[in-house]
Amino acid sequence: MRVRAMCCMAALLLLAGCGGADTSAEEPTTADSTTTTDAATADAATTEAVAESEATSASTDSVDEEFCAAIDDAGSDLRLLLDGGLASEEVLADLVGAFTRAATAAAAITPPEDLAGDWAVLRSVLDAYATGLAGIDPEDGDALNEAMAAVAADRDPADFDVIAQLGTEIGARCNGSGDASGAAVDVCALLTPTELATTFVDGAPAGRGTDYGSGYSECVWDGAGVVVRVSILPIADMETDYLASISDADPVADLPGGLVMADVVGIGQASSGGRTVVFESDAGGVMVAVRTGAADDTALAIELATIVAGAL
């Protein structure tokens with residue numbers, strides 16, 4: 001919005017310069033005087049309007065910055081649920097706590113005026129899940145699934161569309177806050193078909209990319225029982241939501257914070273088999289997972305992670 005206001009100012013100055021090209025020394029007539037007065041009044045009004053527009057833009061930017069900072073400070077539960085991801089084993093093991101903490105965090109945040117309605121929907125849904133899951137044994141997966149399904153059945157399906165759109169809008173406004181990447185990364189472009197050829201011997205399938213916003217994005221190549229998953233997310237969230245519960249991981253040389261661990265791990269995903277290499281980059285935390293069905297995919301996971309690190 002500030003850019004648009006400045007463009008308007010530049011256009012007005014240009015038009016004013018063109019209108020002032022007449023250097024005639026004749027005395028202005030009464031009509032000329034009136035026209036000049038009207039033009040001056042119009043210029044003053046326009047200048048005031050532009051100033052008000054710039055002030056409004058600055059105010060809006062300030063509100064968005066405070067809002068993004070509040071979301072960043074709220075913790076990973078709210079961010080992951082807002083992005084539609086029940087991502088880590090830690091969150092999955094404590095769904096009741098995750099929804100309760102997210103609902104509490106959302107209640108403490110004042111959204112920008114234009115997002116107030118959508119934010120109210122988010123709060124209502126989070127409160128419904130927190131209430132619906134209360135008292136459920138977190139170890140009873142069937143009971144949790146039934147409770148989750150019951151809450152969803154009581155909601156207008158449009159509510160979840162609203163939350164998805166809200167997550168996209170917040171991602172657009174807040175990408176780059178905290179330790180998330182300032183610019184969206186085309187994750188699918190980080191590995192070429194040639195670089196994937198040793199993994200997919202019959203040719204790499206097209207990657208399926210998803211940008212969840214708020215610094216979360218990924219690409220998945222999946223075909224003939226082979227999967228490669230590259231995920232990028234805020235470093236702090238990778239550490240707390242994915243690595244904190246990992247006790248069996250080996251260091252990987254030449255990758256900052258590099259570790260290799262068992263199984264395939266990605267944003268909202270964890271499945272047995274394969275290997276996942278995690279490391280830190282300027283784009284955020286990175287997880288590169290590979291599963292080919294071989295006895296040990298460690299070397300291949302490290303090879304692809306090194307290529308991704310070089311591309312970033």
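Excluded from the calculations below are hydrogen atoms, water molecules and symmetry mates; all remaining heavy atoms, backbone and side chain alike, are included.
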To the nearest 0.5 Å, how far apart are [atom1] in [X] and [atom2] in [Y]?
X: Arg229; Y: Trp221; atom1: CZ; atom2: CH2; answer: 10.5 Å
X: Cys219; Y: Leu191; atom1: SG; atom2: CG; answer: 8.0 Å
X: Tyr216; Y: Met238; atom1: OH; atom2: CE; answer: 11.0 Å
X: Leu126; Y: Leu122; atom1: CG; atom2: CG; answer: 4.5 Å
X: Ile170; Y: Asp118; atom1: CD1; atom2: CG; answer: 9.0 Å
X: Thr276; Y: Arg291; atom1: OG1; atom2: CZ; answer: 9.5 Å

>> Pair Glu303, Thr198 - check side-chain contact (heavy atoms from CB on, under 4.5 Å), show working.
In response: CA-CA 10 Å; Glu303 176 186 334; Thr198 55; 3.8 Å; yes

> In terms of ring plane angle, is the pair Phe67 and Trp119 parallel, tilted or perpendicular, where the classes change at 30° and 60°?
Replying inline: perpendicular

>> Between Asp237 and Tyr242, is there a side-chain donor-acceptor contact under 3.5 Å, judged purely by atom types and distance?
In response: no

Going by the rule salt bridge (charged side-chain N to carboxylate O under 4.0 Å, His left out), which residues pair with [X] if we only count those two or more places apart in sequence or in a different chain?
X: Asp296; result: Arg275
X: Glu239; result: none
X: Arg155; result: Asp159

For the student: nearest non-hydrogen atoms of [X] and [Y], plus distance:
X: Ala147; Y: Gly132; answer: CB-O, 3.8 Å
X: Tyr129; Y: Ala152; answer: OH-CB, 3.6 Å
X: Asp137; Y: Leu144; answer: O-CG, 4.2 Å
X: Gly223; Y: Pro205; answer: N-CG, 4.2 Å
X: Ala283; Y: Ile232; answer: O-CG2, 3.6 Å
X: Phe279; Y: Val308; answer: CZ-CG1, 4.2 Å

Do side-chain atoms of [X] reach the backbone of [Y] as a donor and acceptor pair under 3.5 angstrom?
X: Thr240; Y: Ala236; value: yes
X: Asp297; Y: Leu300; value: no
X: Asp211; Y: Ser217; value: no

Heavy-atom side-chain proximity of [X] to [Y] below 4.5 angstrom:
X: Met261; Y: Val278; value: yes
X: Thr306; Y: Asp254; value: no
X: Val286; Y: Glu280; value: no

What about [X] and [Y], same hydrophobic cluster or not, with Ile/Leu/Val/Met/Phe/Trp/Tyr joined at side-chain heavy-atom distances under 4.5 Å?
X: Val220; Y: Ile307; answer: no
X: Leu196; Y: Val290; answer: yes
X: Leu190; Y: Val227; answer: no

> Going through the distances and angles, do Gln269 and Val264 end up as a side-chain contact (heavy atoms from CB on, under 4.5 Å)?
Replying inline: CA-CA 8 Å; Gln269 299 289 328; Val264 170; over 6 Å; no

> Only one of Leu259, Val260, Val277 forms a side-chain contact (heavy atoms from CB on, under 4.5 Å) with Asp250, so which one is it?
Replying inline: Val260

>> Please determine whether side-chain contact (heavy atoms from CB on, under 4.5 Å) holds for the pair Ile109 and Ile71, giving the CA-CA distance in whole Å, both sets of side-chain angles, and the decisive distance to 0.1 Å.
In response: CA-CA 8 Å; Ile109 294 174; Ile71 291 178; 4.2 Å; yes

> For Asp114, does the CG atom have more than 12 heavy-atom neighbours from other residues, nucleotides or ligands under 6.0 Å away?
Replying inline: yes

>> Evaluate Tyr212 against Ile267 for side-chain contact (heavy atoms from CB on, under 4.5 Å), listing each step before the verdict.
In response: CA-CA 10 Å; Tyr212 300 105; Ile267 296 173; 3.9 Å; yes

